[in-house]
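The analysis underlying the following values was restricted to heavy atoms, covering all of them including side chains, and did not include hydrogens, waters or symmetry mates. Because the structure is a prediction, the values reported are computed rather than measured.
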Amino acid sequence: MTTTSSPTSRPRTGTDTRTDTRTATRSLLACAVVATPVWAAVALSQAALREGFDITRHPLSALSNGSLGWLQITDFLVVGTLLALGATGLRRALLGAPGGTWVPRLVRVAGFGMIAAGVFVMDPADGFPVGTPHGQPAALTWHSYAHFAAGSITFLALIAACFVLGRHFGRAGDRRYALLSRVGGTALLLGNGWAMGGGPAGTLTLAVGVITAMLALSLAAARLRGAR
């Protein structure tokens, strides 16, 4: 008697495994690609629509306060998770290449930092949410300090990741993406520095810097994903 094997029981080959790995890597990179659009859409729509919010006076993190604060908290948690997952895709895509060790590590740190920033909410301040006294609180709570620490770690990790990506693309001869990555890192470095120094509209320059750095990261991930 002759038996035949069902197509579904066909032994897996090396090609099948490579295809599965490639698909998984592209899916993980997609997490990094969509992180910036999700972050920007949720944060900026609230900045435009929520009563009393002024992006030239209030940081985007302040949106975590008030009755609708759960929207921004969720934004932090979801985008942080997307970056942490995207870091695994970057590790696979950059394996053996310049930056292949530090880019994924830095992006993962940034992701965890955003998650922590969502867990620890900054104090209401300077008239937002509506009804909050103008000016800064006389004393900050511990979770506000934790939020600021998480934010600082996130910013530093994003800045470093952008510059390491710039080095990667520069070594690969991709001048456009090398420049894009360095512009992203520089924008956040300057925007955060201006805000920390008490410059006018510092919260706006910080928001621009964060979104620019995240956009550079998302576009770099899209570039690597397209090469898979």
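In this structure, Phe76 and His147 have perpendicular ring planes: the angle between them is above 60°, well past the 30° mark. Relative orientation of the Phe128 and His58 rings is tilted, given thresholds of 30° and 60° on the angle between their planes.
Checked by atom type and distance alone, the side chain of Ser218 pairs as donor or acceptor with a backbone atom of Val33 at under 3.5 Å. Looking only at distances, no side-chain donor or acceptor of Arg223 sits under 3.5 Å from a matching main-chain atom of Tyr177. Distance alone, capped at 3.5 Å, is enough to place a donor-acceptor pair between the Trp194 side chain and the Pro200 backbone. Between the side chain of Thr203 and the backbone N or O of Pro59, no donor-acceptor pair lies under 3.5 Å. Between the side chain of Thr36 and the backbone N or O of Met214, at least one donor-acceptor pair lies under 3.5 Å. Between the side chain of Asn65 and the backbone N or O of Met122, at least one donor-acceptor pair lies under 3.5 Å. Although no hydrogens or angles enter the test, the distance criterion places no donor-acceptor pair under 3.5 Å between the side chain of Asp126 and the main chain of His134.
The two atoms that bring His168 and Pro98 nearest to each other are ND1-O, 2.9 Å, heavy atoms only. Listed here is the closest heavy atom pair of Val109 and Ala157: CG1-CB, 3.9 Å. A pairwise comparison of heavy atoms in Leu60 and Ala47 identifies CD2-CB, 4.2 Å as the closest pair. Heavy atoms only, all atoms of each residue included: Gln72 and Val42 are closest at OE1-CG1, 4.2 Å. Scanning all heavy atoms of the two residues, the minimum distance from Val79 to Val38 falls at CG2-CG1, 3.8 Å. Of all heavy-atom pairs spanning Cys31 and Gly86, the tightest one is CB-N, 4.0 Å.
Taken together through direct or relayed side-chain contacts under 4.5 Å among Ile, Leu, Val, Met, Phe, Trp and Tyr, Leu189 and Ile211 form part of one hydrophobic cluster. No path of Ile, Leu, Val, Met, Phe, Trp and Tyr side chains, each step under 4.5 Å between heavy atoms, connects Leu204 with Leu190, placing them in separate hydrophobic clusters. With hydrophobic clusters built from ILVMFWY side chains whose heavy atoms lie under 4.5 angstrom apart, Leu156 does not share a cluster with Phe148. A single hydrophobic cluster is seen to contain both Ile159 and Met114, as judged by linkage of ILVMFWY side chains at heavy-atom distances under 4.5 Å, directly or through other members. Hydrophobic clustering keeps Ile115 apart from Leu106 (ILVMFWY residues linked when any side-chain heavy atoms are closer than 4.5 Å, directly or through intermediates).
Distance check, rounded to the nearest 0.5 Å: OG of Ser45 to CG of Leu71 gives 8.0 Å. With values rounded to the nearest 0.5 angstrom, Thr205 atom OG1 is found 10.0 Å from Leu188 atom CG. The CZ atom of Phe53 sits 4.0 Å away from the CG atom of Leu63 when rounded to the nearest 0.5 Å. Note that CG of Leu219 is 11.0 Å distant from CG of Leu224, once rounded to the nearest 0.5 Å. Annotation: the span from Ser27 atom OG to Arg225 atom CZ amounts to 7.0 Å, rounded to 0.5 Å. Here the CG atom belonging to Leu82 is positioned 11.0 Å from the CG atom belonging to Leu77, to the nearest 0.5 angstrom.
Residue pairs meeting the ring pair (Phe, Tyr, Trp, His ring centres under 6.0 Å) criterion with at least one member in residues 98-121, sequence neighbours excluded, are Phe120-Trp142.
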Report task. For side chain to side chain contact (heavy atoms under 4.5 Å, CB included), just list the numbers for Asp123 and His143, CA-CA rounded to whole Å, side-chain angles, deciding distance to a tenth of an Å, and then say yes or no. Result -> CA-CA 8 Å; Asp123 296 331; His143 53 80; 3.3 Å; yes
Query raised in the report: Is there a side chain to side chain contact (heavy atoms under 4.5 Å, CB included) between Leu158 and Val107 once you walk through the steps?
Result: CA-CA 7 Å; Leu158 282 174; Val107 173; 6.0 Å; no
Requested in this report: Go through Leu68 and Arg50 one step at a time and tell me if the side chain to side chain contact (heavy atoms under 4.5 Å, CB included) criterion holds.
Outcome: CA-CA 9 Å; Leu68 294 176; Arg50 288 189 63 181; 3.9 Å; yes
Report task. Begin with the C-alpha distance, continue with both residues' side-chain angles, and end with the deciding distance and a verdict on side chain to side chain contact (heavy atoms under 4.5 Å, CB included) for Leu217 and Leu90. Result -> CA-CA 10 Å; Leu217 175 61; Leu90 289 167; 4.2 Å; yes
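At a cut-off of 3.5 Å, with distance as the only test, no side-chain donor of Ser181 or Arg167 sits close to an acceptor on the other residue.
Residues satisfying the side chain to side chain donor-acceptor pair (under 3.5 Å) test with Arg91, not counting sequence neighbours, are none.
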